[in-house]
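Written out below as structure tokens is the structure these notes cover.
Residue numbering restarts at 1 for every chain, and letters A, B, ... go by the order of the sequence lines.
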Protein chains: 4
Amino acid sequence: MHPLDDIKPRWERRKDARPQELLAAALDLFVERGFASTRLEDVAKRAGVSKGTLYLYFTNKEELFKAVVRDNIVPVIGAAEEIIAGFDGHSADLLRKVIIEWWQMMGESEASGISKLIMAEAGNFPDIACFYQDEVITRGTNMIASMLNRAVARGEFRPMDVTTVTQVLIAPMMMLMTWKHSVGPCEKSQLDPIAFLDAFLDMALHGLLLPPAPPA
Amino acid sequence: MHPLDDIKPRWERRKDARPQELLAAALDLFVERGFASTRLEDVAKRAGVSKGTLYLYFTNKEELFKAVVRDNIVPVIGAAEEIIAGFDGHSADLLRKVIIEWWQMMGESEASGISKLIMAEAGNFPDIACFYQDEVITRGTNMIASMLNRAVARGEFRPMDVTTVTQVLIAPMMMLMTWKHSVGPCEKSQLDPIAFLDAFLDMALHGLLLPPAPPA
Amino acid sequence: MHPLDDIKPRWERRKDARPQELLAAALDLFVERGFASTRLEDVAKRAGVSKGTLYLYFTNKEELFKAVVRDNIVPVIGAAEEIIAGFDGHSADLLRKVIIEWWQMMGESEASGISKLIMAEAGNFPDIACFYQDEVITRGTNMIASMLNRAVARGEFRPMDVTTVTQVLIAPMMMLMTWKHSVGPCEKSQLDPIAFLDAFLDMALHGLLLPPAPPA
Amino acid sequence: MHPLDDIKPRWERRKDARPQELLAAALDLFVERGFASTRLEDVAKRAGVSKGTLYLYFTNKEELFKAVVRDNIVPVIGAAEEIIAGFDGHSADLLRKVIIEWWQMMGESEASGISKLIMAEAGNFPDIACFYQDEVITRGTNMIASMLNRAVARGEFRPMDVTTVTQVLIAPMMMLMTWKHSVGPCEKSQLDPIAFLDAFLDMALHGLLLPPAPPA
DNA sequence: TATGAATGAGCTTTCATTCAT
DNA sequence: GATGAATGAAAGCTCATTCAT
């Protein structure tokens with residue numbers, strides 16, 4: 001296709017872009033202030049539109065919130081799943097890679113705010129919490145579990161209760177996200193995420209790795 | 001002091017009790033609905049007083065919230081510290097005991113709601129978040145760190161970077177509290193806290209324990 | 001009871017009076033502007049209170065509207081029924097009296113606005129319309145019908161289809177109320193209610209009266 | 001003019017049709033929901049055009065409303081007047097015919113909704129009310145009055161106060177229209193328009209007819 | 001002409017806070 | 001101290017109206 005074929009009048013391009021601009025603005029404010037304290041007028045203003053425009057794209061505040069969650073969760077999950085699919089080395093390296101890259105993608109971006117958001121607002125939006133459970137926790141859990149099964153099958157990790165170990169491996173990631181958006185900003189709070197994850201991985205691998213067969 | 005000196009007419013004792021009744025009611029509702037969605041009228045009603053009375057004891061909603069947090073954090077910390085002080089066995093047993101009992105006291109009681117509350121509202125109350133950091137996280141961290149130092153000193157755990165390992169040991173506890181008050185109530189969410197903690201402790205101790213010195 | 005026993009502090013008396021003050025204000029404005037065009041702030045202002053106060057007594061605009069209707073309909077019906085109960089003369093005089101007094105009580109007061117209100121808003125409040133049908137139309141119809149039955153029983157009116165004649169007798173009353181609140185205020189509109197009712201009654205009685213028995 | 005001169009390309013003919021389609025849609029919705037509750041977007045949608053198009057033909061909502069009223073009133077009046085002009089029998093039959101046919105044309109069609117509309121919204125549109133008074137009530141009144149004068153002149157009805165009797169004859173028609181669009185739809189509401197009009201006419205003619213001259 | 005995205009004034013409703021009693 | 005009626009700012013949401021295309 002000729003590159004110019006895609007050019008649309010500025011005005012119409014905006015129409016297509018609007019929902020994304022609004023979702024981006026809403027993500028920022030929801031993460032920063034929480035659901036209740038975010039005023040829709042501020043979301044609109046940050047997106048450069050008026051209050052009424054927001055309602056052309058989202059039925060109400062709750063639907064906007066849900067859209068923000070959905071819009072930011074799906075890509076994160078997909079990305080993480082791809083990392084695993086294409087890996088072909090030792091499972092210990094894979095685990096390290098997945099967890100460290102997860103933090104770089106999710107934790108260091110604003111996406112981590114989504115998780116914190118869900119933790120915080122779950123009580124007021126049970127369906128969102130369950131949606132998150134299904135779409136993120138379950139898929140993420142399956143992803144980690146598949147790594148562990150692979151490792152055991154390849155004789156790289158000891159046999160184990162995969163389900164529970166999976167939950168154990170997820171814990172530090174949840175902690176990092178929660179920490180980042182709560183006490184993290186406090187002066188006295190001192191936590192180096194990468195060092196923390198390294199230490200955790202060292203400890204975990206120590207317990208998971210099958211010791212090399214002793215020389216005969 | 002003569003025991004009867006402490007006796008006051010009932011209505012005066014009630015005066016002292018009022019704030020506690022209000023704090024208890026507020027704790028329940030804040031945990032259940034979050035800060036913004038909790039109406040002071042409901043707090044007052046649950047405490048059996050009128051809305052106006054609430055303002056005799058707390059300047060405004062924000063101060064009530066802070067009082068709730070402070071009131072519920074202090075005892076939790078103290079209780080955890082006492083567990084350690086009086087223990088005299090192997091450090092591995094101590095670690096197990098502290099973590100399991102912590103969950104039974106904190107996690108299974110409403111006190112865990114306080115932590116969730118702080119995570120959720122930290123953005124709106126930075127000073128509360130820092131207060132929590134100072135009074136809970138730091139003290140809790142010191143507590144765990146002292147256990148680790150004791151263990152290393154007694155030749156029970158390997159030498160280690162105590163600060164980071166401490167943070168690693170805290171992670172599953174934070175995860176449990178967050179989980180309990182967010183996706184925990186979802187149908188599909190399946191997590192047995194005790195089994196989870198056991199698995200974590202197994203893995204951790206595996207990495208921490210100094211292998212017994214080989215016979216010469 | 002001693003007359004002074006009833007005296008309450010001004011402030012508390014107001015509390016009891018509030019709903020009535022609000023209903024009166026709402027009646028005025030609803031009749032004048034219709035349901036949708038009436039702003040609750042104006043209702044409150046006319047009652048001398050703030051917007052919020054209104055919500056202490058009525059759940060929302062719709063409930064206020066329903067309360068206005070109920071509050072103004074019941075007494076009207078009762079009053080009309082009493083007129084009949086205590087009458088003891090010729091049925092023709094009773095019919096005249098009931099209809100003329102009805103206009104003086106209902107039509108010339110603001111209560112007639114209620115009927116107009118219901119006609120106007122019936123589409124938006126089907127339950128109100130039915131409530132009106134049950135409480136006013138049906139009761140009013142029964143009232144008129146009982147007069148006609150009495151008249152026939154006493155040999156004063158000819159035998160007739162009471163149900164339909166009743167509806168015929170109601171028509172001019174409905175017309176007057178509708179007229180008063182619609183085209184009545186126009187310059188060119190010329191209708192003298194009493195003359196109109198007189199003419200109608202003359203015509204009706206002409207058709208209803210049993211001619212005196214011819215001398216044998 | 002040559003018959004083909006009138007042929008226009010379809011799109012241009014549509015241009016003329018637009019206002020009619022819009023007026024028809026607006027009539028439906030105004031009658032169904034009242035002025036305030038009718039959204040212009042719905043009117044446009046029902047007419048199959050966009051919201052903006054509506055504003056090409058009508059300055060604003062109020063003007064659309066007025067156009068709807070005017071557009072639907074004129075033909076009604078004209079039709080009723082024609083009935084009389086061409087009649088040549090007894091005045092009693094004429095009166096019956098006019099009133100019954102009026103209900104069949106006006107009452108049973110959507111046109112009756114216009115009258116109800118005016119009754120309901122008169123307060124917000126005094127000029128509409130007066131327009132209705134002038135164009136409908138006055139003309140209708142004159143029409144009925146002319147029938148009565150004809151009847152008296154022909155010695156068919158007694159001499160009477162034509163003005164007031166006219167108003168009396170109009171009452172049941174107003175009642176029927178009001179009833180149809182307010183409490184009519186209620187379950188309990190039972191009114192057979194034709195039976196009602198028949199009963200009214202019987203009663204009225206009883207009072208109006210000149211008794212046949214006694215045989216000499 | 002026709003469109004429909006965008007606007008923003010305006011309204012209902014909520015609730016933290018005040019204060020006369 | 002205790003009450004609860006009253007307040008009014010604030011926020012969500014609607015919809016008549018405009019205007020660039």
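Ring geometry, C:Phe30 versus C:Phe65: the interplanar angle exceeds 60°, so the pair is classed perpendicular (tilted spans 30 to 60°).
With a cut-off of 3.5 Å on both pairing distances, the Watson-Crick or G-U wobble partner of F:dA5 is E:dT18. Base-pair partner of E:dC11: F:dG12 (Watson-Crick or G-U wobble, both distances under 3.5 Å).
Ring to ring, D:Phe131 and D:Phe125 are not that close: their centroids are 6.0 angstrom or more apart.
Here the nucleotide nearest the side chain of B:Tyr55, chosen from E:dT18, E:dT3, E:dT14, is E:dT18. When distances are taken from the side chain of B:Lys61 to each of E:dA16, F:dT3, F:dC13, the shortest belongs to E:dA16. Nearest to the side chain of C:Val49, among F:dC13, E:dA5, F:dT7, sits F:dT7.
In terms of phosphate contacts, B:Tyr57 brings a side-chain nitrogen or oxygen within less than 4.0 Å of OP1 or OP2 of F:dA2. Under 4.0 angstrom from either OP1 or OP2 of F:dG8 there lies no side-chain N or O belonging to C:Lys51. Checking the phosphate oxygens (OP1, OP2) of F:dT3, a side-chain nitrogen or oxygen of B:Thr53 falls inside 4.0 Å.
Counting non-hydrogen atoms under 4.0 angstrom, C:Leu40 reaches the backbone sugars and phosphates but no base. Contact annotation for D:Thr59: no contact, since no heavy-atom pair falls under 4.0 Å across all strands.
The CZ atom of D:Phe65 sits 14 Å away from the P atom of F:dA16 (whole-angstrom rounding). Atom-to-atom, CD of B:Glu41 to C1' of E:dT18 comes out at 14 Å; the value is rounded to the nearest Å. Rounded to an integer number of Å, the gap from CZ of B:Arg33 to C1' of E:dC15 is 13 Å. The distance between atom CG of D:Leu54 and atom P of E:dG4, rounded to the nearest whole Å, is 14 Å.
Within the 3.5 Å criterion, the main-chain N or O of A:Gly34 finds a donor-acceptor partner in the side chain of A:Thr38.
Between the side chains of A:Ser182 and B:Tyr132, not a single donor N or O lies within less than 3.5 Å of an accepting N or O.
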